[in-house]
There are 2 protein chains.
Amino acid sequence: MTPVPPPRDETELLARARRLAGLSLGDLARSLDEAVPADLRRHKGWVGQLIERALGATANSLAAPDFEAIGVELKTLPVDARGLPRESTYVCTVPLESAGEDWEHSWLRRKLARVLWLPVQAEKTIPLAERRIGSALLWSPAPDEEALLRRDWEELTERILLGELEQISARHGEVLQIRPKAADSRALRHAVGVDGERILTNPRGYYLRAAFTAAILQRHFVLPG
Amino acid sequence: MTPVPPPRDETELLARARRLAGLSLGDLARSLDEAVPADLRRHKGWVGQLIERALGATANSLAAPDFEAIGVELKTLPVDARGLPRESTYVCTVPLESAGEDWEHSWLRRKLARVLWLPVQAEKTIPLAERRIGSALLWSPAPDEEALLRRDWEELTERILLGELEQISARHGEVLQIRPKAADSRALRHAVGVDGERILTNPRGYYLRAAFTAAILQRHFVLPG
DNA sequence: AGGGATCCATGATTGGATCCCA
DNA sequence: TGGGATCCAATCATGGATCCCT
């Protein structure tokens, strides 16, 4: 199959995404000449990558948005029967040695500046190939949403700069979490300790809590129930 | 010991309650010449009844407020280390055969018209005698609080009148629940079924969800954390 | 039987761990 | 290694059951 070209603008991207609504993952995979794994246990990112290809995401350009030319990030949302997100959403890795960048210029804020949310059924009772794609939502943070993100980010960033990374758990942050992000817990990265010394620690990622992405969907769609 | 006389007015009641703040249940029990049980498993109402006696509640007058002369109900609130209620609060039994009374004249509304809330430490790690009494709060429902109670009460009452009591679970009601209230699940009372016939069912009580009583405390005290 | 409530088994949540691909 | 994420054991929440007293 010839790859899907990048969308020229947001309108084209959104139109493509809307055409996916109602489609099963099996159907979409077939149209892209892809095999469907039995389950996601050993293929956790499969759904996201399938949809990237279906929408013409720019591959292989790390540290750039999925749709580089038009500055849009793609995020699939695994949802339950009520349409509510069942998992947190990974945003980006946590810089552990960065100079003191501020919120306005933060990696996190840039990643979330413009996001195409695409809900996908994720109940384990539905075979992977039969799970359906939901209604796309092109989103930027509303002022109150950005305020929440900013507050959490600034609190977490300050603690990292103070060398307190090891004391940060996934319980911190009202809408934004810091959690391990690696192949396993033996992975190590350099960071800064309480006395300014270099230490080794697990790599971390920023994640949006499911309650936050649920609120985003809730605000834009009338959910059933 | 000579029993504590009923308080003459709310001011006297509140003053007495405030004097209890910081006191341990062991100290209070000793001053009233009472034995402290090892735990509450077989003495679930012990804390409430101890504090009734300490404050001069009118005993034995069923269907009347604890402080009958001044129209105040006493409720102890079992709280965790953060001061948050750990259990729902029983209010009154659910009338199963009553004529169609309305909210204004409901038993529930009258019970909650004026309540003296008294938080008490309830963590199982603290021996019963060492648990301390917190700061008393004399409360009447604010307009928004009453609106929530009323909405739940009216929905639940309508379902009971329609004979749908058996379909009501503790999941119904945003702030108010209906739950079993009996010595055990073999207790039976008369009620009305879907076709208007008399049926036998478990006795039920109205309970306030812990999130609701937590909001009441939150509104009046700055909680730590 | 109503009023004082808490207990506790079970379901729901989630924090930390992990998996594949390029 | 960063980006695509989900897994799942351990914890939390709570609905239904229960206990004592008068």
Side-chain angles (χ1 to χ4, degrees), chain A residues 37 39-53 57 59-66 73-78 80 86-93 107 111 120 122 124 169-172 177-187 189 202-205 207 209-211, chain B residues 37 39-53 57 59-66 73-78 80 86-94 107 111 120 122 124 169-172 177-189 202-205 207 209-211:
Chain A
D39 60 59
L40 294 178
R41 247 176 311 177
R42 311 290 303 263
H43 302 272
K44 298 185 180 181
W46 182 79
V47 176
Q49 287 164 354
L50 176 74
I51 292 181
E52 282 184 351
R53 283 185 286 270
N60 296 334
S61 45
L62 303 180
D66 296 305
E73 188 73 20
L74 170 68
K75 290 290 173 195
T76 59
L77 277 177
D80 67 13
R86 292 334 285 167
E87 293 283 351
S88 55
T89 299
Y90 168 70
V91 182
C92 58
T93 60
W107 192 1
K111 279 273 188 181
V120 178
K124 298 230 172 124
S169 86
R171 289 170 178 81
H172 294 95
Q177 297 176 295
I178 285 183
R179 301 228 304 282
K181 178 70 171 78
D184 58 58
S185 55
R186 295 177 295 282
R189 294 291 178 286
N202 301 318
R204 316 295 169 96
Y207 292 81
R209 289 184 186 275
Chain B
D39 59 60
L40 294 178
R41 246 177 312 177
R42 311 292 303 263
H43 301 272
K44 299 185 180 180
W46 183 78
V47 175
Q49 288 164 354
L50 176 74
I51 291 180
E52 283 185 350
R53 283 185 287 271
N60 297 332
S61 45
L62 303 180
D66 296 306
E73 188 73 20
L74 171 68
K75 291 290 174 197
T76 59
L77 278 177
D80 67 12
R86 292 333 285 166
E87 293 282 351
S88 56
T89 299
Y90 168 70
V91 182
C92 57
T93 60
V94 176
W107 191 2
K111 280 273 189 180
V120 177
K124 299 233 172 120
S169 85
R171 289 170 179 81
H172 294 94
Q177 296 176 296
I178 286 183
R179 301 228 303 282
K181 178 70 172 78
D184 58 59
S185 57
R186 295 177 297 280
L188 292 174
R189 294 289 179 287
N202 300 319
R204 316 295 171 98
Y207 293 81
R209 289 183 185 276

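Numbered from 1 within each chain, the chains take letters A, B, ... in sequence-line order.
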For [N], does OP1 or OP2 lie under 4.0 Å from any side-chain N or O of [X]?
X: B:Ser185; N: D:dT18; result: yes
X: A:Thr76; N: D:dG4; result: no
X: A:Thr93; N: D:dG3; result: yes

Can you measure [X] atom [atom1] to [N] atom [atom2] for me and round it to whole angstrom units?
X: B:Arg53; N: D:dC20; atom1: CZ; atom2: P; value: 16 Å
X: A:Asp184; N: D:dC8; atom1: CG; atom2: P; value: 16 Å
X: B:Asp66; N: D:dC21; atom1: CG; atom2: C1'; value: 14 Å
X: B:Tyr207; N: D:dG16; atom1: OH; atom2: P; value: 12 Å
X: B:Arg179; N: C:dC8; atom1: CZ; atom2: P; value: 15 Å
X: B:Glu87; N: D:dT18; atom1: CD; atom2: P; value: 16 Å
X: A:Tyr90; N: C:dC20; atom1: OH; atom2: P; value: 18 Å
X: A:Lys44; N: C:dC19; atom1: NZ; atom2: C1'; value: 5 Å

Which part of the nucleic acid does [X] contact within heavy-atom distance under 4.0 Å: base, sugar-phosphate only, or nothing?
X: A:Lys181; answer: base
X: B:Ala182; answer: base
X: B:Pro203; answer: nothing
X: A:Gly48; answer: sugar-phosphate
X: A:Thr89; answer: nothing
X: A:Ala122; answer: nothing

Fill in the blank from the handout: Ranking A:Val47 and A:Arg41 by the position along DNA chain D of their nearest nucleotide, the one closer to 5' is A:Val47

Problem - A:Lys111 to A:Glu73 - nearest heavy-atom pair and separation - result: O-CB, 3.6 Å

Practice task
Would you mind reporting whether A:Val120 and A:Leu77 have side-chain heavy atoms less than 4.5 Å apart?
Solution key: no

Practice task
State, with a plain yes or no, whether a side-chain heavy atom of B:Lys181 is found less than 4.5 Å away from one of B:Tyr207.
Solution key: yes

Practice task
Please figure out whether B:Leu77 or A:Arg209 has its closest DNA chain C nucleotide nearer the 5' end.
Solution key: B:Leu77

Which listed nucleotide ([options]) is nearest to the side chain of [X]?
X: B:Pro180; options: C:dT18, D:dG3, D:dG16; value: D:dG16
X: B:Leu40; options: D:dG2, C:dT6, C:dG4; value: C:dT6
X: A:Lys124; options: D:dG4, D:dC7, C:dT6; value: D:dC7
X: A:Arg42; options: D:dT6, C:dC20, C:dG3; value: C:dC20
X: A:Lys75; options: D:dG3, C:dG3, D:dA5; value: D:dA5

With a 3.5 Å distance limit and no angle check, can you tell me whether [X] reaches the backbone of [Y] through a side-chain donor-acceptor pair?
X: B:Asp66; Y: B:Leu74; value: yes
X: B:Arg189; Y: B:Ala187; value: no
X: A:Lys75; Y: A:Tyr90; value: yes

